[in-house]
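Beneath this line is the structure, given in structure tokens, with notes to follow.
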Amino acid sequence: MLNTIQKRVEEKLKEDGIEVYFYAFEMADGLPYFAYTFDKEIVDEAKEDWKSGLMPMNCYDDYSFEEDIDDIVEDICSIVSERKNEI
């Protein structure tokens, strides 16, 4: 299920012109939890830091509190879009 959600999110964001790189996409407390960056250059560093429980600068993490897959996809896209607009 998470792979499907992640692929749909990435496709939708790409259609919207947003390049995002997820380095963690998992379930936490029954909710989709995701960590991402907009900087391709730091993805490998972010993955390594993530394994150690760290979050590098210019990386973000969020939850979706939706239950339906379509709603989860929309929620994550909205969260990532808003974050992109903030920076």
Side-chain angles (χ1 to χ4, degrees):
M1 178 170 109
L2 282 176
N3 287 338
T4 300
I5 293 170
Q6 182 176 352
K7 285 181 183 184
R8 287 181 56 193
V9 166
E10 289 172 341
E11 288 171 4
K12 180 157 178 23
L13 289 170
K14 192 168 196 160
E15 288 172 7
D16 293 343
I18 298 174
E19 288 291 324
V20 63
Y21 306 94
F22 292 98
Y23 56 89
F25 212 101
E26 53 197 49
M27 290 298 264
D29 299 325
L31 300 169
Y33 178 68
F34 51 100
Y36 57 99
T37 184
F38 301 105
D39 186 349
K40 186 178 182 176
E41 300 295 317
I42 63 172
V43 173
D44 291 333
E45 173 190 346
K47 286 179 183 178
E48 288 303 312
D49 286 351
W50 185 257
K51 292 176 188 174
S52 301
L54 303 172
M55 174 96 49
M57 197 162 34
N58 298 322
C59 292
Y60 312 95
D61 64 331
D62 288 293
Y63 283 95
S64 173
F65 294 96
E66 299 296 332
E67 294 179 14
D68 178 74
I69 290 178
D70 291 333
D71 292 340
I72 292 169
V73 170
E74 287 300 317
D75 189 40
I76 293 172
C77 288
S78 176
I79 291 167
V80 171
S81 256
E82 287 176 23
R83 179 76 67 182
K84 178 72 172 172
N85 289 333
E86 289 175 4
I87 58 170

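Below, each value reflects all heavy atoms present in this structure, side chains not excepted, and no hydrogens, waters or symmetry copies.
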Excluding sequence neighbours, so at least two apart, what forms side-chain hydrogen bond (donor to acceptor under 3.5 Å, both in side chains) with Thr4?
none

Starting from Met57, walk the hydrophobic network (Ile, Leu, Val, Met, Phe, Trp, Tyr; side-chain heavy atoms closer than 4.5 Å) and list everyone else you reach, by chain and number.
none

Return the set of residues passing salt bridge (charged side-chain N to carboxylate O under 4.0 Å, His left out) with Lys7 (not counting sequence neighbours), or none when no residue passes.
none

Closest heavy-atom contact between Val80 and Ile18?
CG1-CG2, 4.4 Å

What are the two closest non-hydrogen atoms of Pro56 and Ala46, and how far apart are they?
CG-CA, 3.6 Å

Would you kindly confirm whether Phe22 and Leu2 end up in one hydrophobic cluster when ILVMFWY residues are joined by side chain heavy atoms under 4.5 Å apart?
yes

Non-neighbouring partners of Tyr23 that pass ring-ring contact (aromatic ring centres under 6.0 Å, His included), sequence neighbours left out:
Trp50

Identify the two heavy atoms, one from Leu13 and one from Cys77, that lie closest to each other, and give their separation to 0.1 Å.
CD2-O, 3.8 Å

Show every donor-acceptor pair shorter than 3.5 Å between a side-chain atom in residues 24-36 and any protein atom, with sequence neighbours excluded, or say none if there are none.
residue: Tyr33; atom: OH; partner: Asp61; partner atom: OD2; Å: 2.3
residue: Tyr36; atom: OH; partner: Asp62; partner atom: OD2; Å: 2.7

Of all pairs that satisfy salt bridge (charged side-chain N to carboxylate O under 4.0 Å, His left out), the ones with a partner from residues 32-59, not counting sequence neighbours
Glu48-Lys51

Dump the intermediate steps for side-chain contact (heavy atoms from CB on, under 4.5 Å) on Tyr21 and Ile42, then the final yes or no.
CA-CA 9 Å; Tyr21 306 94; Ile42 63 172; over 6 Å; no

Pairs flagged by side-chain hydrogen bond (donor to acceptor under 3.5 Å, both in side chains) wherever residues 68-77 is involved - sequence neighbours left out
Arg8-Asp70, Ser64-Asp75

Taking the side chain as everything from C-beta on, heavy atoms only, tell me whether Glu19 gets closer than 4.5 Å to Phe38.
no

Answer yes if Tyr63 and Ile69 sit in the same cluster of Ile, Leu, Val, Met, Phe, Trp and Tyr residues linked by side chain heavy atoms under 4.5 Å apart, and no otherwise.
no

Just to verify, what does Glu86 make a salt bridge (charged side-chain N to carboxylate O under 4.0 Å, His left out) with, not counting sequence neighbours?
Arg83

When every non-hydrogen atom of Ile5 is compared with those of Ile76, the smallest separation belongs to CG2-CD1, 4.0 Å

